[in-house]
Structure formats: structure tokens, C-alpha cells
> 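Structure below; questions to follow.
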Amino acid sequence: MKPRLITLFLVVAALGAVAMWLRQDYWVDHMSRMSGQKDLSHVTCFNCHMVSTAKLRWAQPRPHHDAPAGLAVSPDGKIIYIALDDRDQIAAADAVSQKVLRRVKVAGRPFGLALDAAGQKLFVTCRDADRLAILDTQTLKETASIGVGMAPVAVAYCRTSAGERLIVANSMADNISVLSVSPLREIGRPSAGREPFDVTVNPDGTRAFVVNRMAWLASVKTVPAAEVTEIDPVTARTIGRDPLASAHLSESIGIVPSRSWVLNPLVKVRNLVPITQVANGWVMSSGFAVTDTRTCKVIQLPLDEANNYYADPSGMAVAPDGKRAFIASGGSDVVSVVDLDKVSAWLAAASVSTKEEAINDMSLSPEYVIARIPTQRNPRQLLISPDGGTLYVAERLQDSILLVDTKTLTTKGRIMLGDGGLNDPIRRGERVFTTAAYTFQHQFSCRSCHPDGHVDGLSYDFDTSGIGDNLLDNRSLLGVAGTEPFKWNGKNPSLEVQCGPRFAKVLMRTDPIPPKELRDLTTFIKSQPPQRVARRHDGKLTPAQERGKAIFFATKTSAGVEIPHGKRCSSCHRPPLYTVRLSFDVGTGGPFDTPHLLGVANTAPYLHDGRALSLEEIWTLYSTNDTHGVTSYMNKEQLNDLVEFLKTL
Ligand code: HEC
Ligand code: HEC
Ligand code: HEC
């Protein structure tokens, strides 16, 4: 807000205060008319006036860190390329001296990396700029750039019968860009599952496999399933979708050509089971999927042990000889080593039903997990040298790359990128957010349900009575600062309460997070800005979005009938946070806390229990009779326009 406006407002507020003192009834009437609430004990002028996002923690500048994201290695194994997304840089390090040789600027949050066959071109996906950049590996200069779908996070390179191809996972567009390299152009954009996150390709370039992080839901009460999407790199067509039953949060995929397998880590989630069962290991567990690419059969195997879990399996790498796979558990600071001969032997001997139930058998992992390698904080992306001798582990929240000898499974050094950023409370808070150290048997971290601080797209049964009919839709933590109270029931006054005692009671089943760590954790959450939304590059709204905006702020229906104050979208979802932080009954069985709508485009499902799978459904399937705003006058186009506008918030 401009200083002049603030002064003006202060004068008005002061006059208002005097006026209120003189005419209390006027303001009581104003508050109840504007808020539509009978009980005004929780309502203050500041629920609706003088709210500014500029003062919030996420709008302030913050320190940046050398957190490693994607990795690539030159064909001779000598140079390691590291994407430093938080710094807008690419680093090149020497594999032998373990020193960073060079850093170059690449704009737009570089995240995923791949090299061409000759090792001359480095392909970089820029997550915030929706583009793919090409760097010359000699000069590390950017030689080309091409627009792809929203938030590209991973790229794979392959040679096909039709020439060189790049397969790019566009995480927020739910599709895949298939590019030819010369000339550099997009030849197709087939759809993926929800949040495609990593890509791998057959050595002969006949098939690409894309793993999706979130699950599509058929209904909120059905078991979720993410998928592995199969693409033909030549034609850019989708040729298969292999569901991963009740699994999601897969962030990596690897191929084992000698066995015709594709492997991906996963989280087995039991979100429909009451959370009180956490002591029985029923909330979530870690595992990996083995997809036979000839039969498309998928077997899921556990990574955990009965009393010790390896939370947030994230990065995965397969040795070139196909004998071993490595899986990084970001929440547990461990890389598990899986012997694929042993997996193969077990699969050959097990009956069909044993294989189907395998993921639930917590005594199984010793059959094929042959080692657990400890790492520093938050191991994520993994990479294996071309000769198979070295495993590189990106220790994301330590700002380092660990080198492991794949024969002896011992540590052989570290590439230091930064100092770990431990002076920064936001960074310290992120370390708390991503660790499973505080949960019973280390089952999960905050990130297990709030990946990248966002939602996992599921509803959980937090019913402590254990009956199991009390689903609560997950809520994003991006842009949550200033929107207190928290929870759908609006009962938690602050993040300190929400993330401390409440979390300990309902979820952790262990001691609460210590006070200092809790402070850092809430600082981290408050510093998370709302999720980026798809908007035109000049920031202007499209004609459809403009029409939707007019509907959102409408005071009259199309027929000219006045919409009463408490029924206007903007009375309850008032800018700039798009909430007045009060609870209302909008015909959904409430009252419920009015959710802020920042980044709402990407948080499906909707409403407190996740019953609405899309924004449209809020009004087409549920509040159809003007209980949630006045909407019955709208035709299909008007509702579409309204939804288009909501997606820009
Ligand atoms: C539930 C939301 C809400 C609350 C609480 C609220 N207002 Fe308002 N107020 C509005 C809306 C809506 C308007 C209409 C203009 C606008 O949209 O800004 C308004 C307008 C005003 C105006 C402009 C003149 C007028 O009466 O239209 C003043 C002054 C004002 N409010 C002061 C206050 C004061 C002082 C308090 C606390 C005692 C208060 N408001 C509480 C929502 C609210
Ligand atoms: C098992 C999944 C799960 C885990 C683990 C989890 N959350 Fe949540 N979180 C949820 C769900 C579901 C909700 C909505 C619950 C409600 O409103 O009652 C939620 C709501 C929240 C909210 C309120 C947001 C709002 O707008 O009201 C905050 C803050 C939050 N979580 C922080 C955390 C933190 C911090 C951790 C780790 C200490 C964590 N969560 C771990 C599932 C989870
Ligand atoms: C009387 C206050 C009120 C009005 C008016 C209102 N809303 Fe809501 N809105 C709420 C409440 C409360 C919820 C949560 C309901 C639930 O979860 O069951 C909600 C939920 C939503 C959600 C779902 C958000 C999520 O994360 O699940 C969207 C989107 C939304 N409203 C948009 C609108 C639009 C658009 C209008 C106008 C047509 C509107 N609202 C009018 C109070 C209101």
C-alpha cells in the first residue's frame, strides 16, 4: 500500500474509532452486515481492512543457498554438472579433485539436467521460467533456449530412429514436452499423470518412462494411484499408463535394460485409515516399484524395516551393469542399496499373491536391501558414474555432493558447494520440515504430506476416535502466513500451535518438536510464498479471466438482482489474501474456516473433506442452491470464466 493511502486510512480509521465510540451501533451493524456473522466476538476491523501481503515474511528478501538439485556426468566421467536452482546457477565440478571448477548463471531456477551422447550439450530445465536451456559444455555458455510446459523439473536425452530427442517433465502442466534437438523444436506435448517429476529412456530410444508425483483421484474415498506414463519419443504419443496402486510421491525413475525393468521409489499411503493407527505402521511406508516393461506388470516392494522406516524415498540410480539400485531417503538421511539379482530371485520364487502383498510385508527388505549408507541432511538426486564405480548423492540441505565407492559402499569424499546455511533460520526450518527424526519409528516428515510445502492431493482421516469417517483435505503451506487461524475447523490460532503440540498429539506419537526447532520450522513455513500460477507473461488477465474477475467481485447477478454482502465471493474471500479469516457455513456441513485462495489452481481436491475433485464441482455438484455465494444464475460459460479467474490467484 502507498504511504499516502496508509495515512488516509489511518485518518479514516481514527475517525472511525471516534465515530464508533460515538455510534457504537453503527459499527456493530457494519461488522455484522459485512461479515454475516451473528457472534462478533472473534471479528475485528482488521479481518477485512488494512490487510497487506507486503508485510508478510514471504514477501521479504531471503538468503539463497547452494542446494544441489539435478546432476549429470560427462561421458568420460570426469566432470559433474550440478544444478543450483536456488542460486540460478549451474556448477561444473572435477570428479577427481572433488572441487568446483566453474559456476555460471542460468536464469529461471535451473533444476533438471541431461547431456547429449557426445557430452557436448548440457540440457537444463528452468523450473520457474518454463523453458529448456542448452549450454555448450566447453564454454558453459547458453547457446539456445526453448519454451516448454509449466515448471519443467526433469529432462532425458535419447537417440531415436528419427533423430535426437528430449523428453521434458512439465510438473505443473501435467504434460510432457517431446523435443527434437536439431532443429530445436517441440514436436508434441502428450499428457502425463498428475505432476510428472522424472523421466528415463530405453537405450534404443523406443520408449520413455515418466513418473508422476501425485495421484489422480477417482473419488476422495477411493485408494489413490499415481502412474508411470509411457511415451513414444519418435511420435510423442502416450503408449501406456501403468498405475501404482495406493502409491505416490515418486520423484525419480531408473531403467534396468538387461532385465527389461523400470524402477521407481514410492510412498505407500494409507490415507483412508484413521491416523491413530500410526503405531501399527499404517499411515505410510516407503518402497519401490518394479515395472516389467514387456508385460507392464508392476510389483511394489518395501524399503522399510519393521521398526525403522526410511522416509521420503526420493532419488534413484541404477548401476550400468543392472546389478544394483540405490534409493535416497530424504527424510532419513540414508541411501539404501538394493541388490537386483536378489530381487529377481525373490520375484521368480514368490507366488502371485505373495508378490501382490509384498509391499505390506515389513520383514521383506533384508532379502534384497544389502546396505544402508548414512548421508548428511536430505539426500535427493542420485547419479552413477559411466564406469559404475562412483555414486554421487546430492545432499540438498547440506549444500554438498557425497561420493560413494559402489564396490566397497564406503564414502570417498564430498564436493562442497556451500556451508549448509545454518545461520539462516529458514534453512534450519526446512531441515526440520524434511526430517523424519521426530515421528514414531521415523515414519514420515512434514514433507511426506506437504511435498515442497504444498499438498499431496489427498485427504486424511485425522479422526482420533478411530472410527474412520472423518476425512480432511490436505492444505497447502505455500502462502499460508497471515491466514490464521489454521485447520479447516479454524481452531488453531497460530503456526506454533499447529505445528507443535497439535502435530505431536495427532501425528508424531513421540515428543513434540523442541522449542528452538519449532521456531525455525514456523519461520520456514511463513517464508514460503504462494505457489506460482499460470499467468500471461505481461501479468495481464485474458478476456475470460477478466470476465471471471467481474463475476468474483459482482454485487449484482446478470439479471441485475442485488447479491447481499455476505453472499459475495469477495466478502469472505477478500483480497489480498482472499480470506477474511472467519468461519462460515456454506452448506457443506460447516462452519469451516474460509480458505485463502492463493495458488488454489493446483490444490485439488477441494473443500474441507476433499469432496470436490475440481473447482467447478464446488458449485456444479455441491453448493448448487446459492449456499456458497450466489451462483445459480450463472451459465456454463460464466462458471468457466469464474474458475479461470480463480486459477490466477
Ligand atoms: C467482515 C468484513 C468487515 C469488517 C469486520 C469490517 N468491515 Fe468495514 N467494510 C467492509 C466492506 C466490505 C466495506 C465496503 C467497502 C470495501 O469493500 O472496502 C467496508 C467499508 C468500510 C468503511 C468505508 C465507509 C462505509 O461505511 O462503507 C469504513 C470507514 C470501514 N469499513 C471501517 C470499518 C471499521 C472501523 C471496522 C471495525 C469496527 C470495520 N470496518 C469492520 C468490510 C468489513
Ligand atoms: C499425514 C499427512 C500430514 C503430515 C505428515 C503433516 N501434515 Fe500438515 N496437514 C495435513 C492435513 C490433512 C491438513 C488439514 C487438516 C485440518 O485442517 O484439520 C494439514 C494442515 C496443516 C496446516 C494448516 C494449514 C491451514 O491453512 O490451515 C499446517 C500449518 C500444517 N499442516 C503444517 C504441517 C507441519 C509443520 C507438519 C510437520 C511437522 C505437517 N503439517 C505434517 C496433513 C499432514
Ligand atoms: C459466506 C462466506 C463465503 C462466500 C460468500 C464464498 N465462500 Fe468460498 N468458501 C467459504 C468457506 C467457509 C469455504 C470452505 C468450505 C468447506 O471446506 O466445506 C470456502 C471454500 C471455497 C473454495 C475451496 C478452496 C479449497 O481450498 O478447497 C473456493 C475455490 C471458494 N470457496 C471460492 C468461492 C467463490 C468463487 C465464491 C463466490 C461464488 C465464494 N467462494 C463465496 C466461504 C465463502
Side-chain angles (χ1 to χ4, degrees), residues 12-13 15-17 19-20 26-28 30-37 40 43-49 269 271 275 278 283-284 432-433 438-439 443-450 455-456 458-460 462 471-477 480 483-492 495 498-500 502-504 506-508 513 521-522 524-525 551-552 554 565-574 578-580 582-597 600 603-612 615 618-619 622-623 628-631 634 642-643 645-646:
V12 172
L15 286 176
M20 184 154 70
Y26 177 84
W27 295 110
V28 170
H30 175 82
M31 297 231 286
S32 57
R33 213 158 42 86
M34 295 304 176
S35 72
Q37 304 244 316
L40 294 179
V43 189
T44 72
C45 308
F46 301 109
N47 283 89
C48 304
H49 297 295
V269 62
N271 59 307
I275 213 95
V278 51
V283 179
M284 63 183 82
V432 178
F433 190 79
Y438 299 110
T439 52
Q443 289 194 8
F444 47 79
S445 70
C446 306
R447 188 180 190 271
S448 308
C449 293
H450 300 288
V455 286
D456 59 1
L458 301 182
S459 297
Y460 285 85
F462 282 175
L471 288 183
L472 285 170
D473 179 30
N474 200 344
R475 296 184 78 162
S476 178
L477 311 182
V480 84
T483 68
E484 60 271 12
F486 300 106
K487 283 177 67 177
W488 284 106
N489 66 13
K491 290 254 164 78
N492 271 337
L495 284 173
Q498 175 70 14
C499 308
R502 182 192 99 94
F503 186 71
V506 179
L507 279 170
M508 285 162 46
I513 298 171
L521 175 64
T522 54
F524 166 72
I525 294 174
I551 295 173
F552 189 86
H565 257 295
K567 286 276 186 187
R568 298 174 188 166
C569 308
S570 59
S571 327
C572 303
H573 302 286
R574 195 171 154 87
Y578 291 89
T579 175
V580 289
L582 298 169
S583 287
F584 297 95
D585 182 350
V586 292
T588 54
F592 292 106
D593 177 39
T594 306
H596 72 79
L597 302 180
V600 78
T603 61
Y606 298 103
L607 300 176
H608 67 281
D609 52 5
R611 67 177 79 169
L615 286 165
I618 299 176
W619 299 281
Y622 302 103
S623 308
H628 186 178
V630 175
T631 51
M634 291 181 204
L642 177 63
V643 166
F645 171 66
L646 292 176

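Counting convention: from 1, in listed order, for ligands and their atoms alike. The shown structure was predicted, so the numbers you read here are calculated from the model rather than taken from an experiment.
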> Which ligand 2 atoms are under 4.0 Å away from a heavy-atom of L495?
29 (C)
> Would one find an N or O of K487, backbone or side chain, under 3.5 Å from an N or O of ligand 2?
yes
> Assess V580 for proximity to ligand 1: is some non-hydrogen atom of it under 4.0 Å away?
no
> Does H49 bring an N, O or S atom to within less than 2.8 Å of atom 8 (Fe) of ligand 1?
yes
> Which of the numbered atoms in ligand 2 are under 4.0 angstrom from any heavy atom belonging to L477?
22 (C), 28 (C), 29 (C), 30 (C), 31 (N), 32 (C)
> Note the single closest protein heavy atom to atom 22 (C) of ligand 3, along with its residue, its atom name and the distance in Å.
I618 CD1, 3.9 Å
> Just which atoms of ligand 1 are under 4.0 Å from any heavy atom in Y26?
26 (O)
> Are T483 and ligand 2 in contact, using a heavy-atom cut-off of under 4.0 Å?
no
> Can you find an N/O atom of H565 closer than 3.5 Å to an N/O atom of ligand 1?
no
> Mark the output for Q37 as yes if a heavy-atom distance to ligand 1 is under 4.0 Å, and as no if none is.
no
> Quick one: which ligand 1 atoms are inside 4.0 Å of a heavy atom on T44?
5 (C)
> Using a cut-off of strictly less than 2.8 Å, determine whether C45 has an N/O/S atom near atom 8 (Fe) of ligand 1.
no
> Using a cut-off of strictly less than 2.8 Å, determine whether C569 has an N/O/S atom near atom 8 (Fe) of ligand 3.
no
> Among protein heavy atoms, which lies nearest atom 4 (C) of ligand 3, and at what distance?
C572 SG, 3.3 Å
> Need the ligand 1 atom indices (1-based, order shown) with element for anything under 4.0 Å from a heavy-atom of S35.
1 (C)
> When only distance counts, is H628 in polar contact with ligand 3, meaning an N/O pair under 3.5 Å?
yes
> Quick one: which ligand 1 atoms are inside 4.0 Å of a heavy atom on V43?
5 (C)
> Any idea which of S459, S448, C449, S476 brings a heavy atom closest to atom 3 (C) of ligand 2?
C449
> Show the atoms of ligand 1 that are less than 4.0 angstrom away from any heavy atom in R574.
11 (C), 12 (C), 16 (C), 17 (O), 18 (O)
> Could you work out, for atom 2 (C) of ligand 1, the closest of S571, S570, C48 by heavy-atom distance?
C48
> Taking 4.0 angstrom as the limit and counting only heavy atoms of V12, give me the atoms of ligand 1 inside it, by number and element.
29 (C)
> Give yes if a backbone or side-chain nitrogen or oxygen of H450 is under 3.5 Å from a nitrogen or oxygen of ligand 2, and no if not.
yes
> With ring pair (Phe, Tyr, Trp, His ring centres under 6.0 Å) as the test, pick out the partner of H608 among Y460, F584, F592, Y622.
F592
> Is any N or O atom of N47, backbone or side chain, closer than 3.5 Å to an N or O atom of ligand 1?
no
> G566: heavy atom below 4.0 Å from ligand 3, yes or no?
yes
